[in-house]
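Accompanying notes for the structure given below.
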Number of protein chains: 2
Amino acid sequence: MRTTIKDVSIAAGVSIKTVSRVLNKEKYVKEETRKKVEEAVAALNFSPSLAARTLAGRRSFQIALLYDNHSPYYIHQIQDGVWGRCREQGVRLLAQPTDVDSATLAQDVGGLIDETHVDGVILSSPVTDAAPVLEELERRGIPFVRISPGTNHALTSSVFMDDVQAADDMTTHLINEGHRRIGFVVGHPNHMASDQRLFGYRRALDRAGVPFEPNLVRQGAFDFASGADAAETLLDLPEPPSAIFASNDDMAAGVLAVAHRRGIAVPDDLSVAGFDDTDLAQLVWPPLTTIRQPTRELAYTAASLLFAMGDGVEHRRLQHDLVVRSSTARRKGR
Amino acid sequence: MRTTIKDVSIAAGVSIKTVSRVLNKEKYVKEETRKKVEEAVAALNFSPSLAARTLAGRRSFQIALLYDNHSPYYIHQIQDGVWGRCREQGVRLLAQPTDVDSATLAQDVGGLIDETHVDGVILSSPVTDAAPVLEELERRGIPFVRISPGTNHALTSSVFMDDVQAADDMTTHLINEGHRRIGFVVGHPNHMASDQRLFGYRRALDRAGVPFEPNLVRQGAFDFASGADAAETLLDLPEPPSAIFASNDDMAAGVLAVAHRRGIAVPDDLSVAGFDDTDLAQLVWPPLTTIRQPTRELAYTAASLLFAMGDGVEHRRLQHDLVVRSSTARRKGR
DNA sequence: CTGTTAGCGCCTTCAA
DNA sequence: TTGAAGGCGCTAACAG
């Protein structure tokens, strides 16, 4: 038989309701009574049934994290960050893979909510921009927060990094290193961050008076293969770039691979820069110069926002770090 | 107001209990009645409350996955595999990070079980070998399955790959390529797989009549840094190895990094082999020759085992694949 | 094959 | 500041 609130109430010599009050940290419990109850809880090693609390109360002490991202590192950091905040809050986390292309997406999410009574939902890219999910969530009036959404920042609570500034910083860094022909690999078109990073790149070029060359910009898709493809094209140019800045680290890894295959020394003959979205940069070499994406912090903040919601729409913008890991970085001629 | 089983029963014109029967796929429901109920369920878009089912019944339709592993790729694959099986079963998955060094580990796990009423638990390394957890689980008689446990295979249900054979296969492959001095980087001492892989390495050497040299074996810890350290030592040997076989891919990546730093051409001057525990091998270059660890399949199988339990202890051993990705592999002199 | 009657363990509402 | 009664939505154990 499991230990119940009743056992605790008997052990503590109070009513069930009083134990409930202590469990829920309600006011109006005499300090002395509270103590007695807490001791009984500890002595019996009592953990209240979430199922019962959910059924009887208004909260389920559970939230869901929806994802459909194929970058394990990214998801892991997101989950880790959200988890950290949940832990502090005494809330369980339901990690829910989804398929944003599924026809039954909204229904699936609705079913999840009905089944689990989750108190809120956190959306990670690309679920952040799945209209059916957003509509379903809004229809039900269930609190949710989006991490790095691609669109509609203004409509809902969300957290994101400053992608424009990040790309600007990196480009400026490369320019300061002496580069004039800087290749750029654009991210997946579905992600607003892609546009923003491209914009940051152009803004930095403009400010420095470095002419923008459409030839040096290649479309990618945030994966290793597209980064490699882009690198091939860029390095085949009659006048190839002296640096390539990829919009994320998977693509940057692809660029490095091509450089290696061609016997191009990095960073001596080619500088490669990217984002550190996924910690991957720490595992590749030659070293990448990276913008650290504060993924874990974003996720943590998203959960904080969720728990604090009800006051209306909020946004949180987190700062990135420019991390120069290429120890042999040096000035380059054009 | 949420849709309840009662609404369905009214819509279908049957009793609540009958709806319940249909939901639980019980026998003894007339086909025609079942159909009526199913239509009502679909029409009302009804999803039963897990909290209520848990409270009233014997099952919670939830299982937990306990992990404390710092390899995102590994966890992701595990979670993915378990998830896939859960989905088929209509079971929710609670992903639960733990701290195997925590003093309150058993209590934490116990609390989780009390709170959530999970029907079973899946343990991934290194939680697989946390004695307090195993004891707690056994004491409660809750079904659990261990994925790639490090110890005590015989005591509990578990799934694992054939590490001895895998390491043997790889070593044999290297020998067949002409290598005679093969460095080996041992995995973390806490993992039984480390011993087994070392054993497989030795077995292959013995069978081929290649003398075992203790100098060529270095202790690692399954991380990038220890792989790099081991490589430094091995390559500093008066007579360095022509191939290095690392017990996992993080360490293999470390070996590659050192080779690169020293200007050693891979695979021309040095072959590097490893396991593909984490898909990392696909992101590094020069290419690694790898043993594919069937992580996702292991996890899926673990969940299957869990759902099929009650028949006693079972074990499942899954086959690995030897994946030769070094396209320029060639015979080497000693 | 189907329905009835009790709870599951906790929170809510109300009263004291 | 505390307690008593009622019910959340569902399933178990029976009865028909």
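Chain letters run A, B, ... following the sequence lines, proteins first and then strands; every chain starts at 1.
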* Which whole-number value in Å describes the distance from A/Glu26 CD to D/dG3 P? -> 13 Å
* Starting at atom NZ of B/Lys6, determine the distance to atom P of D/dG9, rounded to an integer number of angstrom. => 10 Å
* Asked: Could you give the CZ-to-P distance, from B/Arg34 to C/dT2, as a whole number of Å?
  -> 9 Å
* To do: Starting at atom NE2 of A/His117, determine the distance to atom C1' of D/dG9, rounded to an integer number of angstrom.
  => 8 Å
* To do: Answer yes or no: is there a donor N or O on one side and an acceptor on the other, between the side chain of A/Thr104 and the main chain of A/Gln107, under 3.5 Å?
  => no
* Asked: Between A/Arg21 and A/Ser47, which is nearer to the 5' end of DNA chain C once each is assigned its nearest nucleotide?
  -> A/Ser47
* To do: Could you check A/Asp101, A/Ile75, A/Thr128, A/Val100 and say which one makes a side chain to side chain contact (heavy atoms under 4.5 Å, CB included) with A/Asp68?
  => A/Val100
* To do: Could you tell me whether B/Lys30 contacts a base, only the sugar-phosphate backbone, or nothing, with contacts defined as non-hydrogen atoms closer than 4.0 Å?
  => sugar-phosphate
* Just to confirm, is there a sub-4.0 Å distance from OP1 or OP2 of C/dT2 to any side-chain nitrogen or oxygen of B/Thr18? -> no
* Nucleotide nearest A/Ser15 (side chain, heavy atoms from C-beta), chosen from D/dA4, C/dC11, C/dT2 -> D/dA4
* **Distance, rounded to the nearest Å, where B/Glu31 contributes CD and C/dT2 contributes C1'** => 16 Å
* To do: Please work out if B/Phe61 contacts a base, only the sugar-phosphate, or nothing of the nucleic acid, heavy-atom cut-off 4.0 Å.
  => nothing
* **Under 4.0 angstrom between A/Thr4 side-chain N/O and C/dC8 OP1 or OP2** => no
* **Between C/dG9 (P) and A/Asn24 (CG): distance, integer Å** => 17 Å
* Is the shortest distance from a Lys or Arg side-chain nitrogen in B/Glu136 or B/Arg140 to a carboxylate oxygen in the other one below 4.0 Å? -> yes
* Structure fact -> B/Arg53 CZ to D/dG9 C1', in whole Å, measures 11 Å
* Asked: So, A/Arg58 and A/Asp119, do they make that salt bridge, N to O below 4.0 Å?
  -> no
* **Among C/dC11, D/dC10, D/dT1, the one nearest A/Leu23 by side-chain distance** => C/dC11
* If you check the A/Ser49 side chain, which of C/dT2, D/dG9, C/dG9 turns out closest? -> C/dG9
* Structure fact -> Quick note, A/Tyr28 side chain, CB onward, closest among D/dT1, C/dC10, D/dC10 is D/dT1
* Asked: Taking CG from B/Leu55 and P from D/dG7, how many angstroms apart are they, rounded to a whole number?
  -> 16 Å
* **Any N/O donor-acceptor pair, A/Arg58 side-chain to C/dT12 base, under 3.5 Å** => no
* Asked: Any salt bridge between B/Lys36 and B/Glu39, counting N to O under 4.0 Å?
  -> no
* Asked: How would you label the contact of A/Thr54 with the nucleic acid (heavy atoms, under 4.0 Å): base, sugar-phosphate, or nothing?
  -> nothing
* Asked: Among the nucleotides D/dA4, D/dA13, C/dC10, which one has an atom lying closest to any side-chain atom of B/Lys17?
  -> D/dA13
* Report the nucleotide, chosen from C/dC1, D/dT1, C/dC10, that has the shortest atom-to-atom distance to any side-chain atom of A/Ile5. => C/dC10
* So, are A/Lys17 and A/Glu26 salt-bridged, with charged N and O less than 4.0 Å apart? -> yes
